[in-house]
Amino acid sequence: MSRVSPALQAAYAAANYAIRERSGSLRLRIGGTDAALASLLARHGSDHAALVSAFNPRSERLSRAMNRQRHAWLLARLQAERRRWLPARNSDPGGDFPAEAAVLIFDLDLADARGLGRAFDQNAVVLIDARGLARLCWLR
């Protein structure tokens, strides 16, 4: 596994991660427990989840059209695997990197989260436990 630069680690830790439900949007923080996030998991009958994006593999910017196509492939895979998920959005608080579509996938275990992230050449995925603790899982 290659080393992740401190700048990239800091950027991922500081990013805004927002999950959308019918009732509104929920923002999660890396490294902190969140009762609202734990409640969201419980409402959906899950004790763990992962946040995954297919956009901008390895932080290399792709065209809007290519990113949309990659997201469609991710959604098709989730449908084929009969996964339960909610839409999400990852964004750079400084606005230097374009926002990315993502999904919060319920009941996605560590091995499957890593596999899915690697299938879409991502640097990391976000893992969430029943307490609402969100942590980065680096894939490179």
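The model shown is predicted, which means the values in this text are computed figures rather than measured ones.
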Identify every side-chain donor-acceptor pair in residues 126-137 under 3.5 Å, counting partners at least two apart or on other chains, and give the distances.
unit_1: Asp129; atom_1: OD1; unit_2: Arg131; atom_2: N; d: 3.0
unit_1: Asp129; atom_1: OD1; unit_2: Gly132; atom_2: N; d: 3.3
unit_1: Asp129; atom_1: OD1; unit_2: Leu133; atom_2: N; d: 3.0
unit_1: Asp129; atom_1: OD2; unit_2: Arg131; atom_2: NE; d: 3.3
unit_1: Asp129; atom_1: OD2; unit_2: Arg131; atom_2: NH2; d: 2.7

- Query: To the nearest 0.5 Å, what is the distance between CG (Leu62) and CD (Glu60)?
  - Reply: 8.0 Å

- Task: Determine whether Arg84 and Ile105 make a side-chain contact, defined as any pair of heavy atoms from C-beta on separated by less than 4.5 Å.
- Result: no

- Tell me, with the steps shown, if Val125 and Leu139 meet side chain to side chain contact (heavy atoms under 4.5 Å, CB included). CA-CA 8 Å; Val125 295; Leu139 304 175; 4.0 Å; yes

- In sequence, state the C-alpha distance, the side-chain angles, and the governing distance for Leu8 and Arg58, and then conclude on side chain to side chain contact (heavy atoms under 4.5 Å, CB included). CA-CA 10 Å; Leu8 190 60; Arg58 296 184 179 250; over 6 Å; no

- Query: Minimum heavy-atom separation for Trp138 to Tyr12, with atom names?
  - Reply: CH2-CG, 3.6 Å

- Note on the structure: So the ring-ring contact (aromatic ring centres under 6.0 Å, His included) pairs with at least one residue in residues 87-111 (sequence neighbours excluded) are His44-Phe106

- Message: One thing to verify: whether Arg83 and Asp112 come together as a salt bridge, which I'm taking to mean a side-chain N less than 4.0 angstrom from a carboxylate O.
- Response: yes

- Task: Using ring pair (Phe, Tyr, Trp, His ring centres under 6.0 Å) as the criterion, list what pairs up with Phe120, not counting sequence neighbours.
- Result: none

- Query: Just checking, is any N or O donor in the side chain of Asn90 or Ser53 under 3.5 Å from an acceptor N or O on the other one?
  - Reply: no

- Check whether any side-chain N or O of Gln9 sits under 3.5 Å from a backbone N or O of Val4 as a donor-acceptor pair, and report yes or no. yes

- Message: Show me the pairs that pass side-chain hydrogen bond (donor to acceptor under 3.5 Å, both in side chains) and involve residues 64-74, at least two apart or across chains.
- Response: Asn56-Asn67

- Query: Checking side chain to side chain contact (heavy atoms under 4.5 Å, CB included) for the pair Arg43/Glu21: CA distance, chi angles, key distance, verdict?
  - Reply: CA-CA 11 Å; Arg43 279 194 310 278; Glu21 269 194 300; 2.5 Å; yes

- Message: Quick check for you: to the nearest 0.5 Å, what is the distance between Leu51 atom CG and Leu108 atom CG?
- Response: 10.5 Å

- Could you grab the distance from atom CD of Gln79 to atom CG of Leu74, nearest 0.5 Å is fine? 12.0 Å

- Passes side chain to side chain contact (heavy atoms under 4.5 Å, CB included), Leu104 versus Trp85? Steps please. CA-CA 5 Å; Leu104 176 76; Trp85 58 273; 6.0 Å; no

- Smallest separation among heavy atoms of Arg20 and Ala88, with atom names: NH2-O, 4.0 Å

- Between Ser46 and Asp107, the two heavy atoms sitting closest are OG-OD1, 2.8 Å

- Which pairs count as ring-ring contact (aromatic ring centres under 6.0 Å, His included) when at least one residue sits in residues 47-68, sequence neighbours excluded? none

Can you list, pair by pair, the side-chain donor-acceptor contacts under 3.5 Å of residues 22-31, counting residues two or more places apart and other chains?
unit_1: Arg27; atom_1: NE; unit_2: Asn16; atom_2: OD1; d: 2.9
unit_1: Arg27; atom_1: NH2; unit_2: Asn16; atom_2: OD1; d: 2.5

- Under a 4.5 Å cut-off applied to non-hydrogen side-chain atoms, are Asp47 and Leu41 in contact? no

- Query: Do you know the tightest heavy-atom contact between Arg77 and Ala119?
  - Reply: NH1-CB, 3.3 Å

